[in-house]
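In what follows, a single structure is set out as structure tokens and then discussed.
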Number of protein chains: 2
Amino acid sequence: MLSVFYLYLFYMEKIYTIKDIAELAGVSKGTVDRVLHKRGKVSEDALKKVNEILDKIDYQPNLMARSLKKKQIYSICVLIPDSANDPYWQPCIDGINEAKKEFKSFNVKIEIFLFDATNTSSFVETNKNVLDTSPDAVLLVPLFHKEAIEAIEIYNSKGIISSIFNNQLKSSSIRSFVGQDLFQSGRIAARLLDLLIKKGTIAIIHIDEDYENAIHMQEKEKGFRDYFNNLGNTDFEIKTFKVKHPQFKSTLKEFLDENPAIEGLFVTTSKAYQVAKIIAKKPEKKIALIGYDLLENNLEYLNNKTIDFLIHQNPKRQAYLGATNLIEHFIFEKEISSEILLPIDIINTENAKDYFL
Amino acid sequence: MLSVFYLYLFYMEKIYTIKDIAELAGVSKGTVDRVLHKRGKVSEDALKKVNEILDKIDYQPNLMARSLKKKQIYSICVLIPDSANDPYWQPCIDGINEAKKEFKSFNVKIEIFLFDATNTSSFVETNKNVLDTSPDAVLLVPLFHKEAIEAIEIYNSKGIISSIFNNQLKSSSIRSFVGQDLFQSGRIAARLLDLLIKKGTIAIIHIDEDYENAIHMQEKEKGFRDYFNNLGNTDFEIKTFKVKHPQFKSTLKEFLDENPAIEGLFVTTSKAYQVAKIIAKKPEKKIALIGYDLLENNLEYLNNKTIDFLIHQNPKRQAYLGATNLIEHFIFEKEISSEILLPIDIINTENAKDYFL
DNA sequence: TGTTAAAATGTGCTCGAACACATTAAAAAT
DNA sequence: ATTTTTAATGTGTTCGAGCACATTTTAACA
């Protein structure tokens, strides 16, 4: 019964055009256009008549017609670390290419610029190259704090929109950040270990890279400790272990030998496989291990159950959303979301392959 | 150096129009149009000339212009169970509305039809109503096997595209399915329990509803058992416990009392909270509990740690992807993906809120 | 060869928004 | 009162694809 009425409304929902408004207001479409775009040269009388109509109806400009007319091509440059040095970044490139493909028939050009993640000057240089193309927006991974801020300030002064993803960075010149809540991410790891083991020592392992991971690791540790602090008195002891790459193997072995009570490990970077390699050789005792990112190496140890869980930072989706946020701003005049926080995916042996979309 | 060359290519990448092709081939745009749309009435000579050009260039029709011209409004009807009876379905409605909003400026009208999940004839009736609007496509949750097949056959005979989501259903008339791999979903639950407990009895609990969950539950059980079978000889014993709603409480209590060795429970439907309510009253022993879906009730018991993990079936995204798959077919002429399997999200206390996007 | 039918090709308008340009009305200056 | 200036309003073209219709070319037949 009622559905007939709704059906009626459904089909009645008129889509108004500028011409419709002009006729309703008794003016020409030129005048309506001037009102809509506040171009002036409209008498008070005409302005009132048009606004009265606009108040009454819900005018939605036809975006097809608009972007057909506006021949402007928006250009977006994306700066990502070269995946040759670190496979973590490959999904980002895939994500950008997906966005590119999806919007290929629209007036946007997206270009990827790769830089060397181990080399600050490569980052600076690449930003210079990007600037030379004078794009409308830049999406970048701000690996190098100081240099990123500098680059973003320059973009901002030239009216170029900058968005970042993967790494958080505070600056009023940044229009958008896409990433994860790292504090929460640490809490998730803590909750998982809390379920896996009941007592003993847990170590937070920071494997530092050549480039800046400090903020990442600190936030994760804070969240991790926060979880156990809020638990109240438990049978857990939590230690932090920092290590740089070269002497990594021997020092970690030492650390484990010195702390026989260790029952669980939380590796705050994507290098859990390096830890797994070591503890896999100690089959006398199963140590719970949690790490980050679906790298080949990590998956290998996940599948042989040396790693219990991996936390997925979803770099592909981060890059994709960073790009589409900008694209949709340009072609659909959407607001740019200032912060997009992705869900933090928990991965085990069985759902790992699902996340390679 | 090299980048200058790429830059050049980048800006040179010409976007061809039908007019361009016509000029290049030395024919009129009408002829090009006939070739592109295989409308016939083209001489072999002209066909060859146009195809030669088309082979050389990468012609991408301007979708703005196309959808501006084609005033046809595609209509898609979506059939979802009413969330008044089962809150599981509310996110589906949200997902459809999101798709609706996203594509509101395009020539698509999406209408949601709700039916009563506990009532077969409501489903049949709603399908009749949908048929009366003669839509271009139907997206439905095929809760009732036989009736769904029948409805889909009718749609097919009228040239209406049908897609399904949430429940798998085999029929050659179905163009698309969006859902999860339920077998794998069972394996994930198994892996989680394998990590939570080392030995003892594990029960698979099927809480049957009035409507058809049978295939769902069977597949999940198969996957669950498959995981443990492949583990080889373990200290686990796996039991299955089926129960219908009315006598639920007492029979489950009985079952637990009769099986004191039970260490873990896997509830194959979204009713884990009902089990949690019972075991929460037995604090003398922590029983590991895994269930499905982020319902209010489930989250409550997840947060007080009676439920250890929930598996997220992502109904919102299922509905959203089901809709966009069809929408993009109509407006961008994309191929309809015949099967979209969503990742199976593992939820604990800490990442639960992330999944309410 | 001339006439007609059929096939092939080309032309021109439309969709809605944007904007340049033409036209008209009102105000200011002579 | 008439011209000039300025403000206000209207008209018409463009974007690219799609399609109806007009026109031309070729084939068929008397």
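Below, chain A is the first sequence line, B the second, and so on; all start at residue 1.
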ask   = What does B/Arg34 touch in the nucleic acid at a heavy-atom separation under 4.0 angstrom: a base, only the sugar-phosphate, or nothing?
value = base

inquiry  = Please confirm whether the ring centroid of A/Phe123 lies under 6.0 Å from the ring centroid of A/Phe115.
reply    = yes

message = With a 4.0 Å cutoff (strictly under), does any side-chain N or O of A/His37 reach OP1 or OP2 of C/dA18?
response = yes

inquiry  = Using the side-chain heavy atoms of A/Asp33, tell me which of these nucleotides is nearest: D/dC15, C/dC19, C/dT9.
reply    = C/dC19

ask   = Can you check whether A/Thr17 has a side-chain N or O nearer than 4.0 Å to OP1 or OP2 of C/dC15?
value = no

Rounded distance in Å - CD (A/Glu333) to P (C/dA17) = 12 Å

message = Is the phosphate of C/dA17 approached by A/Tyr59 (side-chain N or O, under 4.0 Å from OP1 or OP2)?
response = yes

note = Testing C/dG10, D/dA17, D/dT9 for proximity to the side chain of A/Ser43, the answer is D/dT9

task = Have a look at A/Ile18 and say if it touches a base, only the backbone sugar-phosphate, or nothing, with a 4.0 Å heavy-atom cut-off.
result = sugar-phosphate

key: Options C/dA17, D/dG18, D/dG10, nucleotide nearest the side-chain atoms of A/Val27   = D/dG10

inquiry  = When you compare the side chains of B/Thr17 and B/Asp20, does any donor N or O come within less than 3.5 Å of an acceptor on the partner?
reply    = yes

inquiry  = Can you identify which nucleotide, out of D/dG10, D/dG18, D/dA17, has its nearest atom closest to the B/Lys70 side chain?
reply    = D/dG18

remark   = In whole angstroms, the gap separating P of D/dG10 from CZ of A/Arg39 amounts to 16 Å

query = Does a donor on one side chain sit under 3.5 Å from an acceptor on the other, for B/Asn129 and B/Glu125?
reply = no

request  = Could you tell me whether B/Glu23 and B/Lys29 have a side-chain N and a carboxylate O separated by less than 4.0 Å?
outcome  = no

note = Testing C/dT9, D/dT9, D/dG16 for proximity to the side chain of B/Ala46, the answer is C/dT9

Distance in angstrom units between B/Ile21 CD1 and D/dA17 C1', rounded = 11 Å

query = Nearest-Å distance, NZ (A/Lys69) to C1' (D/dG16)?
reply = 12 Å

key: Heavy-atom side-chain proximity of B/Ile152 to B/Ile164 below 4.5 angstrom   = yes

request  = Check the distance between D/dC21's C1' and B/Lys41's NZ and give it to me in whole angstrom.
outcome  = 12 Å

remark   = Rounded to whole Å, the NZ-C1' distance (B/Lys49 to C/dA8) equals 12 Å

Nucleotide nearest A/Ser28 (side chain, heavy atoms from C-beta), chosen from D/dT9, D/dG16, C/dA17 = D/dT9

remark   = In whole angstroms, the gap separating P of D/dC15 from CD1 of B/Ile15 amounts to 14 Å

key: Result of checking B/Lys41, B/Arg39, B/Lys19 against B/Asp33 for salt bridge (charged side-chain N to carboxylate O under 4.0 Å, His left out)   = B/Arg39

request  = Could you check which of D/dC15, D/dT13, D/dG18 has an atom nearest any side-chain atom of A/Lys29?
outcome  = D/dT13

ask   = Whole Å only: how far is the CG atom of B/Leu63 from the C1' atom of C/dC15?
value = 15 Å

message = Classify A/Lys19 by what it touches in the nucleic acid, base, sugar-phosphate, or nothing, heavy-atom distance under 4.0 Å.
response = nothing

